[in-house]
Amino acid sequence: MNELSLHILDIAENSLRAEASLVIIALTVENGMLHVRIEDNGKGMREDFLNSVTDPFTTSRKSRRIGMGLPLYKMAAEDAGGQFAIESSEGKGTAVTASFELAHIDRAPLGDMAMTIAALIGSAKTADILFAARCGEKEYIFDTREIKQVLDGIDITDNEIIRYIKEMINENIQIIFGGIAL
Amino acid sequence: MKSLEELQAIRDRMKTQLQSRGTVGSDDISIVVGMSTCGISAGARKVLNTFSEEVEAKHIKNVKISQTGCIGLCKLEPIVEVTLPGQEKITYAKVDSDKAKEIVASHIINGVPVQDYVLAVINRQGENL
């Protein structure tokens, strides 16, 4: 995967598959590092599964016996001078945190975060997505619960709404991280 | 600057349109894009985005776009399934943005599957044709 936002989509899809009703994705730029936290209130993992979850031969999937999502993401962070951690509690949820050195030559670009959030909204059915972008004093919060309230019954996955949401997120990312090469 | 107020205006316009169109029903066209690790790394997010933009740009209202996981054919991703009301399910393999545009123009709008990219045809009884 050549964009961090593709990894984020992949990891957050795990959250939705774990029956989360809320997935929180937070991007924070601080001291030359990009911190990404993906947190859900899904069904979580048993301890033995959690301990081997970054092994490519661990997966919950039935269609094949290999799970590459977390191992690839861990590698992307570690290759870029960052760290990777995963915490999970059965019945409570999972949090995946990763950091990336912004100036590291092997760091993949963030890529199209708005397209990632849009894809997640399409995948989420009734679940909600909260996306936060922070840099210093600046913060932007996008919350599908707020959007759904405004929409008042109109489907959030309607293609015109999705286009609007993508434009809104892109504009705000530009305001928060403008000038930083992400 | 995109704001929630502007979103309210879009909502109000869409509500009026919905009343004139009636409710969404089983006559919808279904597009399903595989969005697992294999699909995403092969370009499925872009493909999904293209379908969404094309369907909107061409003002096609009766299309439901959804996502699914890995079906075990990772090397053929991005995989897309298109089902027109009352017809066989057509599975496309190795779809990219340009192919997605062709599929919308030919299959979704004119009802003619793009044979060159078809991986399988499954009838309504679930039989592979």
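Chain naming here is simple, since letters A, B, ... match the order of the sequence lines and numbering starts at 1 in each.
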Heavy-atom pairs under 4.5 Å with chain A: which of B:S52, B:G39, B:S41 has the most?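 The residue among B:S52, B:G39, B:S41 with the greatest pair count is B:S52.
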Counting heavy-atom pairs under 4.5 Å with chain A, which one of B:S3, B:S66, B:G69 comes out on top?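 Heavy-atom pair counts peak at B:S3.
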Quickly, which of A:I161, A:I147, A:I154 forms a side chain to side chain contact (heavy atoms under 4.5 Å, CB included) with B:R11? Name it, please.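 So the option named by the test is A:I154.
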Would A:D10 and B:M35 satisfy side chain to side chain contact (heavy atoms under 4.5 Å, CB included), going step by step from the backbone distance to the final call? CA-CA 8 Å; A:D10 188 28; B:M35 197 62 68; over 6 Å; no
Looking at [X] and [Y], what are the two nearest heavy atoms and their distance?
X	Y	result
B:R45	A:S5	NH1-OG, 2.9 Å
B:E56	A:N159	OE1-O, 3.6 Å
A:A119	B:Q67	O-NE2, 2.7 Å

Go through it in stages, so that I can follow the logic: the residues are A:D112 and B:K46, the test is salt bridge (Lys or Arg N to Asp or Glu O under 4.0 Å), and I'd like the CA-CA distance, side-chain angles, deciding distance and then a yes or no. CA-CA 10 Å; A:D112 198 329; B:K46 184 85 188 294; over 6 Å; no
Would A:E13 and B:T37 satisfy side chain to side chain contact (heavy atoms under 4.5 Å, CB included), going step by step from the backbone distance to the final call? CA-CA 9 Å; A:E13 292 273 357; B:T37 307; over 6 Å; no
When hydrophobic residues are tied together by side-chain contacts of less than 4.5 Å, even through go-betweens, does [X] share a cluster with [Y]?
X	Y	answer
A:L120	A:M1	yes
B:V118	B:V32	no
A:I141	A:V150	no
B:I90	B:V80	yes
B:I31	A:I156	yes

Checking salt bridge (Lys or Arg N to Asp or Glu O under 4.0 Å) for the pair B:E53/A:R163: CA distance, chi angles, key distance, verdict? CA-CA 7 Å; B:E53 288 183 352; A:R163 177 168 57 82; over 6 Å; no
For A:K138, does the NZ atom sit with more than 12 other heavy atoms under 6.0 Å from it, leaving out its own atoms?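 Yes, because the 6.0 Å sphere around NZ of A:K138 holds more than 12 heavy atoms from other groups.
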More than 12 foreign heavy atoms under 6.0 Å from NZ of A:K166: is that the case here?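 Result for NZ/A:K166: enclosed.
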Where does [X] contact chain B at under 4.5 Å (heavy atoms): side chain, backbone, both or neither?
X	value
A:N170	neither
A:I165	neither
A:D155	side chain
A:T157	side chain

If I measure from the heavy atoms of chain A, does [X] come under 4.5 Å with its side chain, its backbone, both, or neither?
X	result
B:I10	side chain
B:E6	both
B:L7	both

Please check if the side chain of B:K2 supplies one atom and the backbone of A:N172 the other of a donor-acceptor pair under 3.5 Å. no
So, taking the atom named [atom1] in [X] and the one named [atom2] in [Y], what distance separates them when rounded to the nearest 0.5 Å?
X	Y	atom1	atom2	answer
B:L4	A:M168	CG	CE	5.5 Å
A:M68	B:C70	CE	SG	12.5 Å
A:S123	B:L48	OG	CG	9.0 Å

Max heavy-atom pair count under 4.5 Å with chain B, selected residue of A:E146, A:E3, A:E160: A:E160
Which one of A:T116, A:I175, A:I169 has the most heavy-atom pairs closer than 4.5 Å to chain B? A:T116
Using the side chain to side chain contact (heavy atoms under 4.5 Å, CB included) rule, take A:L151 and B:Q8 through it: C-alpha gap first, then chi angles, then the decisive distance, then the call. CA-CA 7 Å; A:L151 288 176; B:Q8 278 171 359; over 6 Å; no
